[in-house]
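Data first, discussion second: the structure below is written as structure tokens.
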Amino acid sequence: MTTASPQIPDPHDSLEVRLTKLLTQAVSAVAPDAAMPVVLERARQAQHGDYATPVALQLAKTLRRAPRDVAHDVMTALPASPWIEKVEMAGPGFINIFITAAARHSIISDILRMGSTFGSSSRGQGQRIQVEFVSSNPTGPLHVGHGRGAAFGASVANLLVKVGFSVHREYYVNDAGRQMDILTVSTWLRALQHAGLTQGPFPPNGYQGDYVTLMAVSALQRFSLDQFPMDPLTQFWAISGTMDEETQMDALIATAKSLLGPAYHQLHGFVLAVQLADCKADLEEFGVSFDEWFSEQSLFDSGAVAEVVSRLEAEGHIYLQNGARWFRSSAFGDEKDRVVQRDNGLFTYFASDIAYHVNKFDRGFDLVLDLWGADHHGYIPRVRAALRALGYDDQRLKVPLVQFVSLFRHGEKAQMSTRKGQFVTLRELRSEVGNDAARFFYVLRKSDQHLDFDLDLATSQSQDNPVYYIQYAHARIHRVLQRWNGDQSLLSHCTLEPLTHPAEIALMQSLRAYPSVVDQAAVDYAPHSVAFYLRDLAAEFHAYYNAVPFLDTEPVITAARLALLSAIAQLLKDGLSLLGVSAPETM
RNA sequence: GUGCCCGUAGCUCAAUUGGAUAGAGCACCAGCCUUCUAAGCUGGGGGUUACAGGUUCGAUCCCUGUCGGGCACGCCA
């Protein structure tokens, strides 16, 4: 990834940039030849000051000098600054920096002045980045696993926008495959059953959910499916007993197509439209929206799939074997070659996926993000191989993986299967725990870690859910401000000198961390760190709330403390919005 | 069997990407509402970071091996 130049600091991190510059100046005086970037860390403990740098420890080796001696020289060479109160050496050679009260207080006025733009940056420099996520087969309702991808993807997209990328959110619709045919046939069979026109058994590998029957009922009225002669179906059941399940299903699909003729395609289109509309509505209600729903079928219709295979062939990366066309992906880092066109002439899913990625790159995105389920990780090398073979820079493709969600009910792991209709849908989850709790819970873990979703806990309406803790902090602040009933615009100008309480010092320190938390979360595609930050900030606030009075004290102190509260509320609201969680003012 | 990911408090998870004494939430124990919302706060017990080596000023993080878990290895999508 191309990173923004550090020479273009944003106003909000000017303090850290200034301190880094001063340190760099001091280091170059002590060690002119050691071209080493100065690492400035926020101190974890108050006794270590506000910032710390291990630069002396790192320099010691190349200088062949004792770390503490180097630290001493760096400290001596450090220019005076209105931002630096004092500098101390500690431990093996750490340099701890204590900032002045003025530097400390500036964070509050910065936040109040910048409002929702605080924490933004120009890191992305307006680069266009495509984020593809969810992309579930439109063969049934979204389940709780898709929900994680949705919540994660939406939050990542928000973060990328926040740090200055131009983000395009996209859903890849797998509307061209065999699974759609199976759903179509399943719907057809349910319609026949509903109309009492068949006694045949329902195939075990068909889609069994109740939603299929619901679609069948409306399809029955819509397409008059009962007008087709049924004899061939009865014949089919008579001869299909010896087939294995998959062969039987393929035969069933073929039977349906020949029997229904043009009506099959109508039914197929209907089933797809119903599922997509349902999926879209579900996601919209979840606060997840897309700029584009990209159809896989369109890649076949436009000839893009055939074209991309031809391109590979023209480059000499395709060979014939056993009647199939193979892409020599092993020449580009994959562990073995892959079929792109089967011996029956049909292109594989891989072929259309190559065409899709070529399409993405040809649309001119600087960066392409595929948020995939972790079960697809073995698939990544072949996609990269295809891109490289076609002359694209596959470093512009990033594939963050989202691990599975394991559901636990009554302390036992619940199995999920879309086919068998045994799953908890995202809708059920949302209605039981609420959108806010679901969104927050989903991103509370690193995306590449398994998520154990305890349904009993999540559906118990209990207060254990951490999202309430943060929202409550936000609501409490607004209650205080409401009680105060003063002119909030005055808070950004009031004197902050009274803020000397240890809790206040710590809170200002935490507020200052926000931009780098957001920045790092965006770079790492790690919204969970925002969630943890918010929980920690809320905890600090709640403790503060119980420690000092806000309204029943001197007006100057009240104003200063309310300015601090106002800044906290702003960041709580901003952080929650990045995660797609509301920030209510009353609870 | 091969490849990728993972293993941290009783449970679920963090840890500023190699920094100082590894931190939270549940759960457990003891306290705090006549006062700005108790969906809150304060205090307490809890750890050989799976194990064994290695790299260096310094390792939960990097390297090697072992054990254990997950996922993927199709002319499915």
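Lettering of chains follows the sequences in order, A, B, ..., and the numbering in each one begins at 1.
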Can A:H528 be called stacked on B:A14 when the rule is centres closer than 5.5 Å and an angle between planes below 30°?
no

[X] has a side chain; which of [options] sits nearest to it?
{"X": "A:W326", "options": "B:U42, B:U56, B:C75", "answer": "B:C75"}
{"X": "A:F532", "options": "B:G19, B:G40, B:A14", "answer": "B:A14"}
{"X": "A:Y472", "options": "B:C71, B:G40, B:C13", "answer": "B:G40"}
{"X": "A:K336", "options": "B:A20, B:A39, B:G74", "answer": "B:G74"}
{"X": "A:A475", "options": "B:U37, B:A20, B:A77", "answer": "B:U37"}
{"X": "A:H542", "options": "B:A39, B:G40, B:C75", "answer": "B:G40"}
{"X": "A:D452", "options": "B:U12, B:U42, B:U21", "answer": "B:U12"}

More 5' along RNA chain B: A:N174 or A:L444, using each one's nearest nucleotide?
A:L444

Please compare A:L451 and A:A176 by the position of their nearest nucleotide in RNA chain B and report the one closer to 5'.
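Upstream on the strand: A:L451.
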
Give every residue pair that meets the salt bridge (charged side-chain N to carboxylate O under 4.0 Å, His left out) criterion with at least one member in residues 49-62 of chain A, sequence neighbours excluded.
A:D50-A:R104

Sequence neighbours excluded, every pair satisfying salt bridge (charged side-chain N to carboxylate O under 4.0 Å, His left out) that has a member inside residues 319-329 of chain A:
A:E313-A:R325

If I pick the [atom1] atom on [M] and the same atom on [N], what distance separates them, to the nearest angstrom?
{"N": "B:U60", "M": "B:G69", "atom1": "P", "result": "26 Å"}
{"N": "B:C61", "M": "B:U56", "atom1": "C1'", "result": "14 Å"}
{"N": "B:G44", "M": "B:U49", "atom1": "C1'", "result": "23 Å"}
{"N": "B:A38", "M": "B:U42", "atom1": "P", "result": "14 Å"}
{"N": "B:A15", "M": "B:U8", "atom1": "C1'", "result": "10 Å"}

Under the rule syn = chi within 90° of 0, otherwise anti, which is B:U42?
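Here the answer is anti: the torsion falls beyond 90° from 0.
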
Please classify B:C51 as syn or anti, treating any glycosidic angle within 90° of 0 as syn.
anti

Between atom [atom1] in [X] and atom [atom2] in [N], what is the gap in whole Å?
{"X": "A:R65", "N": "B:C57", "atom1": "CZ", "atom2": "P", "answer": "16 Å"}
{"X": "A:F440", "N": "B:C13", "atom1": "CZ", "atom2": "C1'", "answer": "12 Å"}
{"X": "A:Y525", "N": "B:U17", "atom1": "OH", "atom2": "C1'", "answer": "16 Å"}
{"X": "A:F441", "N": "B:G25", "atom1": "CZ", "atom2": "P", "answer": "16 Å"}
{"X": "A:L57", "N": "B:A59", "atom1": "CG", "atom2": "P", "answer": "13 Å"}
{"X": "A:Y468", "N": "B:G40", "atom1": "OH", "atom2": "P", "answer": "12 Å"}
{"X": "A:D250", "N": "B:C75", "atom1": "CG", "atom2": "C1'", "answer": "12 Å"}
{"X": "A:Q297", "N": "B:A77", "atom1": "CD", "atom2": "C1'", "answer": "14 Å"}

Can you say whether a donor on the side chain of A:D175 sits under 3.5 Å from an acceptor on the base of B:A77, or the other way round?
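Such a pair does not exist between side chain and base.
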
Kindly compute the distance separating CG (A:D69) from CG (A:L59), expressed to the nearest 0.5 Å.
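Rounded to the nearest 0.5 Å, the CG-CG separation comes out at 12.5 Å.
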
Do we see a donor-acceptor contact under 3.5 Å between the side chains of [X] and [Y]?
{"X": "A:E540", "Y": "A:S510", "answer": "yes"}
{"X": "A:Q471", "Y": "A:D436", "answer": "yes"}
{"X": "A:Y207", "Y": "A:Q179", "answer": "yes"}
{"X": "A:D244", "Y": "A:Q248", "answer": "no"}
{"X": "A:N96", "Y": "A:Y51", "answer": "no"}
{"X": "A:R561", "Y": "A:H501", "answer": "no"}

For a quick check of understanding: with a heavy-atom distance under 4.0 Å over all strands, which category does [X] fall into, base, sugar-phosphate or nothing?
{"X": "A:N137", "answer": "sugar-phosphate"}
{"X": "A:D181", "answer": "nothing"}
{"X": "A:Q58", "answer": "base"}
{"X": "A:A52", "answer": "base"}
{"X": "A:S516", "answer": "nothing"}
{"X": "A:A60", "answer": "nothing"}
{"X": "A:E540", "answer": "nothing"}

Hey, can you pull the residues of residues 88-95 of chain A with a non-hydrogen atom under 4.0 angstrom from RNA chain B?
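Of all residues in residues 88-95 of chain A, the ones placing a heavy atom under 4.0 Å from RNA chain B are A:A90, A:F94.
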
With [X], which residues qualify under ring-ring contact (aromatic ring centres under 6.0 Å, His included), at least two apart?
{"X": "A:H268", "answer": "none"}
{"X": "A:Y171", "answer": "A:F290, A:W293"}
{"X": "A:F347", "answer": "none"}
{"X": "A:Y356", "answer": "A:Y172, A:F294"}

Just by modelled atom types, is the A:L346 backbone N or O under 3.5 Å from a matching donor or acceptor in the A:N344 side chain?
yes

For nucleotides 30-36 of chain B, give me every protein contact, N/O to N/O, under 3.5 Å, one pair per line with atom names.
from: B:C36; atom 1: O3'; to: A:R483; atom 2: NH1; distance (Å): 3.1
from: B:C36; atom 1: O2; to: A:F550; atom 2: N; distance (Å): 3.4
from: B:C36; atom 1: O2; to: A:L551; atom 2: N; distance (Å): 3.4
from: B:C36; atom 1: N3; to: A:F550; atom 2: N; distance (Å): 3.4
from: B:C36; atom 1: N4; to: A:Y545; atom 2: O; distance (Å): 2.6
from: B:C36; atom 1: N4; to: A:V548; atom 2: O; distance (Å): 2.6

I'd like to know whether the aromatic ring centres of A:W372 and A:Y379 sit less than 6.0 Å apart in this structure.
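Yes - the distance between ring centres of A:W372 and A:Y379 falls below the 6.0 Å cut-off.
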
Partner set under side chain to side chain donor-acceptor pair (under 3.5 Å) for A:E88, not counting sequence neighbours:
A:K86

Strand RNA chain B as a dot-bracket string - pairs counted if Watson-Crick or G-U with both distances under 3.5 Å, | where the partner lies in another strand:
(((((((..((((.....[...)))).(((((.......))))).....(((((..]....))))))))))))....

Within the sub-3.5 Å range, which N or O atoms of nucleotides 2-11 of chain B have a protein N or O partner, and how far apart are they?
from: B:G3; atom 1: N2; to: A:H377; atom 2: NE2; distance (Å): 2.5

In chain order, what residues pass the salt bridge (Lys or Arg N to Asp or Glu O under 4.0 Å) check against A:K360, with sequence neighbours excluded?
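Partners of A:K360 under the salt bridge (Lys or Arg N to Asp or Glu O under 4.0 Å) test: A:E132, A:D370.
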
Taking only the side-chain nitrogens and oxygens of A:R342, find out if one of them lies under 4.0 Å from OP1 or OP2 of B:A77.
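Checking A:R342 against B:A77: at least one side-chain N or O falls below 4.0 Å of OP1 or OP2.
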
